[in-house]
Amino acid sequence: MLDWFDQHGRHDLPWQVRDNPYKVWVSEIMLQQTQVKTVLNYFDRFMQRFPTVETLAQASWDEVAPYWAGLGYYARARNLHKAAQQVVAQGGFPTTLDGWMALSGIGRSTAGALMSLGLQQYGVIMDGNVKRVLSRHQAIAGDSMSTPVIAQLWQLATQLTPKQRNADYTQAIMDLGATICTSKKPLCLYCPVGEDCKAYQQNRVLDFPQKKVAKATPEKQAFVIILENSETGQWLWQQRPSEGLWGGLYCLPIIEQPELAAFEARFSLTAASSMPMVKHSFTHFTWFLTPQVFEINTAQLEGLQQYFVASQWLDKQQAVDKGIPKAMLKVLGQS
DNA sequence: AATACGGGGTC
DNA sequence: GACCCAGTATT
């Protein structure tokens, strides 16, 4: 594995540094459930704006949000921001696995990565790459997301991870999973551990890791409320509550059918027009969003802003600068 | 044990 | 369209 890594591993990613746990930390959070290629579009910009844990800790959430907007899983950014403040309050980075895990947004695998890649100490990880490599190498049956299989994989990973060149091994097994032992078209002929891979020996590589059959993603309908101040051209935007979907980002008001009726009645409004429906798919549901355009008069501005909590009048560029989800860009693209 | 939580890469 | 990705927190 280590020889293969020296020759064929990835060595030039911007967070591959030996002297900066903060850089490694930010990258690990961005990389949770997110591919390297995607993170490359965000990492340098974030590090330039928040070069140290102190700068991040001192910033407000509204300063952080634009640098995460579009990357998804916004709880990661909230947790990272909060954890930066924890680190500064503690007077420095954790030095133990449990110390890292005590920080918001850091679980067992990220803590292991930080011990290994961040601090050059002993650490074990369990990401999608490791799950796939190990479950194939040992031909591990059973749902790879189930508690017993996860426990078995952790046991195996801990046993296989060396103390010598620990960080190189950590990087090696991820690189192997990302470039050779890939999900769809694995390149087993180039695998450094193909000879003793049980799945390969059985010609069943694609049978692992085993997963339960996914259930259908539910569909939901809602309306996007477009309220335009005809004098300024601004729309009413809402900062979403920090918990939940798109937490802390700015968004046009989204309401469902009953709330739309109540809203129209409250202000004696009817939608002047509706723009084409926007379909937006998440991991856990698909949203069909119908933008409803309302013509309003200036006497209503105050009342409307009161009605929608945490709302303010912004032109489109202002909203984009504050950080909006991708679905709102779709809506803007149609207007 | 199941669910919430984004968005893009890739076939 | 379906599956996957350097997972974690909450229910």
Side-chain angles (χ1 to χ4, degrees), chain A residues 9-10 13-16 24-43 68-80 82-83 100-114 116-118 123-133 143-151 153-154 157 167 170-179 181-186 206 209-220 240-249 251 279-287 323-330:
Chain A
R10 297 175 292 191
L13 295 169
W15 46 84
Q16 290 183 318
V24 177
W25 176 19
V26 171
S27 77
E28 286 300 329
I29 302 300
M30 285 190 171
L31 286 159
Q32 286 170 1
Q33 295 290 287
T34 308
Q35 295 186 356
V36 167
K37 190 171 182 180
T38 301
V39 170
L40 286 172
N41 296 324
Y42 287 81
F43 181 76
W68 207 278
L71 190 56
Y73 285 160
Y74 301 100
R76 293 182 298 175
R78 294 195 301 277
N79 285 330
L80 175 63
K82 186 206 247 178
W100 283 109
M101 286 182 69
L103 295 175
S104 304
I106 297 181
R108 185 172 170 188
S109 184
T110 301
L114 283 161
S116 176
L117 304 173
V124 182
I125 63 165
M126 184 54 61
D127 69 343
N129 293 306
V130 178
K131 281 196 185 100
R132 191 169 53 254
V133 169
D143 173 17
S144 66
M145 305 300 284
S146 71
T147 303
V149 171
I150 293 287
L153 287 169
W154 270 109
T170 298
Q171 191 64 50
I173 194 165
M174 286 193 290
D175 289 358
L176 187 69
T179 64
C181 194
T182 55
S183 181
K184 298 274 177 64
K185 292 183 170 181
L206 293 181
Q210 298 182 357
K211 309 221 164 184
K212 284 198 308 188
V213 289
K215 42 178 135 178
T217 57
E219 298 179 346
K220 298 182 185 179
R240 296 178 63 89
S242 59
E243 314 296 325
L245 190 72
W246 295 333
L249 292 195
C251 208
K279 180 182 178 182
H280 191 77
S281 295
F282 297 102
T283 308
H284 51 310
F285 70 95
T286 298
W287 226 350
I324 63 177
K326 294 285 187 178
M328 288 300 108
L329 289 175
K330 286 188 198 172

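Letters A, B, ... mirror the listed sequences (proteins, then strands); counts begin at 1.
- In the set B/dA2, C/dA9, C/dA6, C/dA9 carries the atom at the smallest distance from any side-chain atom of A/N79.
- Within the 4.0 angstrom heavy-atom criterion, base atoms lie near A/T283.
- Using bins of under 30°, 30° to 60° and over 60° for the plane-to-plane angle, the ring pair A/W287/A/W246 lands in the tilted bin.
- Atom NE2 in A/H284 sits roughly 7 Å away from atom P in B/dG6 (whole-Å rounding).
- At the heavy-atom level, A/K131 lies nowhere under 4.0 Å from the strands shown.
- Here A/I106 lies in heavy-atom contact (under 4.0 Å) with sugar-phosphate atoms only.
- Within the nucleic acid shown, A/K82 has no heavy atom closer than 4.0 Å to any nucleic acid atom.
- Using a 4.0 Å heavy-atom cutoff across all strands shown, A/E243 reaches no nucleic acid atom at all.
- Distance A/L245 CG to B/dA4 C1': 9 Å, rounded to the nearest Å.
- With the nearest nucleotide of DNA chain B identified for both A/D143 and A/Y42, A/D143 has the one nearer the 5' end.
- Computed from coordinates, the A/L117 CG to C/dA6 P distance equals 14 Å when rounded to whole Å.
- Here B/dT10 is the nucleotide among B/dT10, C/dG7, B/dG6 with the atom lying nearest to any side-chain atom of A/K37.
- Annotation: the span from A/M328 atom CE to A/C251 atom SG amounts to 4.0 Å, rounded to 0.5 Å.
- With C/dA6, B/dG7, C/dG7 as the choices, the nucleotide that has an atom nearest any side-chain atom of A/W246 turns out to be B/dG7.
- Among the nucleotides B/dT10, B/dG6, C/dG7, the one closest to the side chain of A/K184 is B/dT10.
- Residue-level contact check: A/S27 touches neither bases nor backbone, having no heavy atom under 4.0 Å from any strand.
- In this structure, the nucleotide among B/dG8, B/dA4, B/dT3 sitting nearest to the side chain of A/K215 is B/dT3.
- Interatomic distance, CG of A/L329 versus NE2 of A/H280, reported as 10.0 Å (0.5 Å rounding).
- Of the candidates C/dC4, C/dC3, C/dA6, C/dC3 carries the atom nearest the A/A214 side chain, counting heavy atoms from C-beta on.
- In this structure, the CZ atom of A/R76 is 12 Å from the C1' atom of B/dG8, given to the nearest Å.
- Note on A/G177: nothing from the nucleic acid sits closer than 4.0 angstrom, heavy atoms only.
- Proximity note for A/L13 (side chain, C-beta onward) versus B/dT3, C/dG7, C/dA6: the nearest is C/dA6.
- With rounding to the nearest 0.5 angstrom, the OG atom of A/S242 is 11.0 Å from the CG atom of A/L249.
- Distances from the side chain of A/T147 to the nucleotides C/dT8, B/dC5, B/dA1 place B/dA1 closest.
- A sub-4.0 Å separation between OP1 or OP2 of B/dG7 and a side-chain N or O of A/H280 is present.
- Each of A/Q35 and A/R108 was matched to the nucleotide of DNA chain C holding its nearest heavy atom; the match closer to the 5' end belongs to A/Q35.
- Under the 30°/60° scheme for interplanar angles, the aromatic rings of A/F282 and A/F285 are found to be tilted.
- A/Y73 comes within 4.0 angstrom of a base, heavy atoms only.
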key: Derivation of the side-chain contact (heavy atoms from CB on, under 4.5 Å) call for A/T283 and A/Y73   = CA-CA 11 Å; A/T283 308; A/Y73 285 160; 4.0 Å; yes
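- Between the P atom of B/dG8 and the CZ atom of A/F282 lies a distance of 11 Å, rounded to the nearest Å.
- Within the 4.0 angstrom heavy-atom criterion, base atoms lie near A/W15.
- Interface remark: the A/T34 side chain does not form any donor-acceptor pair with the C/dG7 base, using a distance-only criterion of under 3.5 Å.
- Annotation: of the two residues near DNA chain B, A/S281 and A/S146, the 5′-most nearest-nucleotide partner is A/S146.
- For the P atoms, the distance from B/dA4 to C/dA6 is 24 Å, rounded to whole Å.
- Between A/Q32 and C/dG7, a side-chain N or O to OP1/OP2 separation shorter than 4.0 Å is absent.
- In this structure, A/V36 reaches the bases: a heavy-atom distance under 4.0 Å links it to at least one base atom across the strands shown.
- In the set C/dG7, C/dA6, B/dC5, C/dG7 carries the atom at the smallest distance from any side-chain atom of A/T110.
- Within the 4.0 Å cut-off from OP1 or OP2 of C/dG1, at least one side-chain nitrogen or oxygen of A/K279 is found.
- Interatomic distance, OG of A/S109 versus CE of A/M101, reported as 10.0 Å (0.5 Å rounding).
- Each of A/A111 and A/S183 was matched to the nucleotide of DNA chain C holding its nearest heavy atom; the match closer to the 5' end belongs to A/S183.
- The CE atom of A/M145 sits 5.0 Å away from the NZ atom of A/K131 when rounded to the nearest 0.5 Å.
- Using atom P as the reference point in both B/dG6 and C/dT11, the two lie 15 Å apart (nearest Å).
- Between the NZ atom of A/K212 and the P atom of C/dC4 there is a distance of 14 Å, rounded to whole Å.
- Nearest nucleotide to the A/N129 side chain, out of B/dG7, B/dA1, C/dA6: C/dA6.
- Between A/K185 atom NZ and C/dC4 atom P the separation is 16 Å, expressed in whole Å.
- Within 4.0 Å (heavy atoms only), A/G244 reaches sugar-phosphate atoms of the nucleic acid but no base atom.
- Taking atom CZ on A/R78 and atom C1' on B/dA4, their separation rounds to 11 Å, with Å as the unit.
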